[in-house]
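Basis for what follows: all heavy atoms, side chains included, without hydrogens, waters or symmetry-related copies.
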Amino acid sequence: MKRTVLTMLAFFVILMGASAQGKAKLVQTSASGTKSNGKFKLRGADQDVRMMDSVTLDSVYRYWNNFVTEHPKDEKAWHKLCDAAEQKVYNAYWRGTRDWNVARQLRKELNVMPRMQQAIPGTYTYYYSVYVCSETRAREYADSAIAVLNNNVPAEDFDRLATYVRGKNDTLQLTKLLTHYYESGQYPASALQYHYNELQGMEKGGVYLGDTQDDVIGKLMVQLVLGKHKDKILFSQANVKERVKWMFECIDIPFSDEIFSRFKSQPQDEQLIAIMRYIFEHSKRPVYLSARNLSSMFRKGIPDDLKACLYNEGLTMRYSAKPYNNLAVKRRNVEQRYLMDNLIMQFHPEVNNVTAPSARNVRSLALNYLVLLNDLLPYYKKHNAVEYARLNRIFSDIMDKDAGAWAIPNSDKYYSVEYIKDGTPHYEFVERVSYKPDPNDDKETTKRKRKEFFEKNKRVLIIGDPIEE
């Protein structure tokens with residue numbers, strides 16, 4: 001019986017955004033700003049404060065601090081100032097003394113919240129900022145922010161608030177929040193379709209276990225806003241008692257203090273695996289994992305007994321103690337269930353938001369199809385010329401849009417999309433092995449050996465269609 005177990009498992013870490021294209025370079029920030037379309041604007045002021053060095057962050061903070069002084073009713077400016085101030089507080093602790101008293105004192109000196117309360121009390125920005133800046137994450141302020149929510153809320157706010165509401169299991173409030181998120185147009189269409197496709201491949205009543213809430217929010221949007229796949233049960237990993245109890249109850253697995261104490265008796269880094277193992281073994285529903293985040297879910301490696309029971313069905317992995325032909329299921333998903341036409345041609349500009357978790361790795365989602373489905377090509381080439389041509393066309397368009405190289409942490413393998421000019425121009429998706437030079441070799445010898453090694457160890461996984469001139 002044919003099966004594909006953990007197809008290219010080592011590659012999955014790539015799909016979490018480890019692209020060699022890397023992070024966008026920060027624009028050098030000037031405290032004096034620049035003129036843009038007749039308006040005064042600080043260069044780099046709209047970038048993610050978490051990626052800024054201390055000098056840039058200080059400049060951005062001063063800019064927005066001056067701006068709210070001149071424009072005290074500008075909610076967007078106050079939001080930017082709060083983001084910069086909290087990053088300064090965060091840096092004071094994590095990159096500084098590791099003394100919370102020092103961080104608290106800095107927050108007090110910056111005095112952002114009291115000034116915001118005077119300027120824009122009762123607004124969404126005020127409520128949200130107090131929630132974010134509060135050490136206790138005061139729930140009442142999050143609820144107040146959601147009560148006055150609108151579609152112009154930044155995407156990162158939607159993500160943070162969705163995680164909060166999901167944690168307290170308030171379906172009505174979550175539906176309201178995700179509806180605003182969807183209608184805002186800030187949730188990437190390709191990301192939403194990817195989540196839809198993951199659900200499409202699951203059996204009725206299946207359980208989906210994600211690595212983080214980012215794996216779940218898009219699927220909840222599919223369920224609560226679009227009204228599709230409402231029978232699926234969605235959770236992210238958790239080892240907190242209340243959340244584990246809630247998860248077990250939804251999946252119809254018995255829960256008790258004794259069962260939970262068994263999980264907590266495990267070493268800290270093995271508790272999540274113990275909980276997942278228990279769900280695998282006791283759930284009467286089919287259980288699925290995110291194939292793209294599998295390596296992050298099992299950071300110390302997948303135990304051999306679980307590895308033997310995890311089957312790749314396309315975009316998801318399914319646990320099954322009983323062997324089955326998962327390639328047949330994978331072909332069914334690709335031929336009948338997954339929507340992939342947008343990978344060939346998109347008729348709407350994609351959201352470009354590097355700060356919101358849900359939108360951060362949009363480009364890598366297309367690569368998931370390429371990595372997780374390319375093993376079907378040999379079968380289609382032999383048995384189904386129509387499907388082979390269709391899938392190869394999709395792969396060719398993905399490679400055309402996402403040329404680059406990807407390295408895998410803790411592995412000697414790396415992958416790249418390469419443009420081949422010889423003969424008919426086309427793209428190839430290639431697996432290579434890193435070369436480890438001999439320290440005793442001179443420069444020329446090292447160069448020659450590296451070239452020979454690369455040619456010998458190159459493995460072409462996909463040959464794209466000819467490129468139209």
Side-chain angles (χ1 to χ4, degrees), residues 49-50 75-76 78-87 89-90 93-94 100-101 103-104 106-108 110-184 186-187 210-221 223-225 234-250 255 260 355-358:
V49 294
R50 292 167 297 188
E75 286 192 50
K76 180 179 179 181
W78 278 109
H79 199 308
K80 295 287 187 180
L81 179 62
C82 179
D83 290 344
E86 277 307 292
Q87 188 62 38
V89 172
Y90 177 89
Y93 178 80
W94 289 106
W100 273 120
N101 291 325
R104 292 188 187 100
L106 176 59
R107 181 183 282 136
K108 184 177 180 181
L110 296 175
N111 195 36
V112 173
M113 286 302 103
R115 289 187 286 145
M116 189 184 297
Q117 185 178 22
Q118 290 291 322
I120 53 170
T123 61
Y124 163 81
T125 300
Y126 173 69
Y127 290 135
Y128 176 81
S129 298
V130 175
Y131 169 62
V132 171
C133 296
S134 169
E135 292 181 23
T136 59
R137 290 289 188 265
R139 298 165 69 101
E140 63 270 22
Y141 286 102
D143 291 328
S144 296
I146 295 170
V148 295
L149 202 65
N150 58 63
N151 292 353
N152 296 321
V153 168
E156 188 171 15
D157 293 15
F158 280 122
D159 282 319
R160 188 194 294 267
L161 292 172
T163 298
Y164 159 71
V165 178
R166 173 65 171 169
K168 67 175 187 173
N169 191 25
D170 187 332
T171 303
L172 290 177
Q173 193 178 47
L174 185 60
T175 301
K176 173 187 176 180
L177 176 71
L178 293 180
T179 299
H180 277 293
Y181 198 176
Y182 176 77
E183 292 176 347
S184 76
Q186 296 183 76
Y187 198 91
D211 181 34
T212 67
Q213 284 292 348
D214 298 337
D215 290 329
V216 176
I217 289 175
K219 295 175 182 64
L220 288 169
M221 193 178 290
Q223 290 185 335
L224 300 178
V225 181
L234 311 173
F235 280 99
S236 59
Q237 294 185 84
N239 61 353
V240 178
K241 184 176 181 179
E242 293 74 17
R243 290 190 61 194
V244 174
K245 182 176 184 294
W246 173 34
M247 181 163 53
F248 279 24
E249 288 174 348
C250 291
F255 179 89
F260 186 74
T355 61
S358 60

Q.
Would you compute the distance between atom NZ of Lys168 and atom CD of Gln173 and round it to the nearest 0.5 angstrom?
A. 4.0 Å

(Q) Measuring only between side-chain heavy atoms, which start at C-beta, is Gln223 closer than 4.5 Å to Leu234? (A) yes

Q) Which heavy atom of His180 sits nearest a heavy atom of Asn150, and at what distance? A) ND1-C, 3.9 Å

Q: Quick one: closest heavy-atom pair of Met116 and Cys82, and the distance?
A: CE-CB, 4.2 Å

(Q) Just to verify, what does Asp157 make a side-chain contact (heavy atoms from CB on, under 4.5 Å) with, not counting sequence neighbours? (A) His79, Tyr124, Tyr128, Val153, Pro154

Q) Hey, what do you get for CG (Leu178) to CD1 (Ile217), rounding to the nearest 0.5 Å? A) 7.0 Å

Q | Closest non-hydrogen atom pair between Leu161 and Leu177, with its separation | A | C-CD2, 3.5 Å

Q: Work out which heavy atom in Asn151 is nearest to a heavy atom in Gln186; give both atom names and the distance.
A: O-NE2, 3.8 Å

Q: Inspect the surroundings of NZ in Lys108 and state if more than 12 heavy atoms from other residues, nucleotides or ligands are less than 6.0 Å away.
A: no

Q | Spacing of Lys245 atom NZ and Cys250 atom SG [to the nearest 0.5 Å] | A | 10.0 Å

Q: Check the pair Asp83, Glu156 against side-chain contact (heavy atoms from CB on, under 4.5 Å), reporting the backbone distance first and the verdict last.
A: CA-CA 11 Å; Asp83 290 344; Glu156 188 171 15; 5.8 Å; no

Q) Is there a side-chain contact between Phe255 and Met247, using heavy atoms and a 4.5 Å cut-off? A) no

Q | Ring centre gap for Trp246 and Phe235 strictly below 6.0 Å | A | yes

Q: Measure the spacing between CG of Asn169 and CD of Glu242 and express it to the nearest 0.5 Å.
A: 13.0 Å

Q) Any chance the side chains of Asp143 and Tyr164 put a donor and an acceptor closer than 3.5 Å? A) yes

Q: Please work out which of the three classes, parallel, tilted or perpendicular, describes the rings of Tyr93 and Trp100, given edges at 30° and 60°.
A: parallel

Q. Taking all non-hydrogen atoms of both residues, which atom of Val49 and which atom of Gln87 are closest, and how far apart?
A. O-CG, 3.6 Å

Q: Evaluate the side-chain contact (heavy atoms from CB on, under 4.5 Å) criterion for residues Glu75 and Ser129: first the C-alpha distance (whole Å), next the side-chain angles of each, then the deciding distance (0.1 Å), finally the verdict.
A: CA-CA 11 Å; Glu75 286 192 50; Ser129 298; over 6 Å; no

Q.
Show the nearest heavy-atom pair for residues Arg104 and Asn101, with the distance to one decimal.
A. NH1-OD1, 3.1 Å

Q: Would you give the length of the straight line joining atom OG1 of Thr171 to atom NZ of Lys176, rounded to the nearest 0.5 angstrom?
A: 15.0 Å

(Q) Counting C-beta onward and ignoring hydrogens, is there a side-chain heavy-atom pair between Leu110 and Leu106 closer than 4.5 Å? (A) yes

Q | Spacing of Leu81 atom CG and Glu86 atom CD [to the nearest 0.5 Å] | A | 10.5 Å

Q: Hey, can you tell me if Phe158 and Tyr181 have their rings parallel, tilted or perpendicular (30° and 60° cut-offs)?
A: parallel

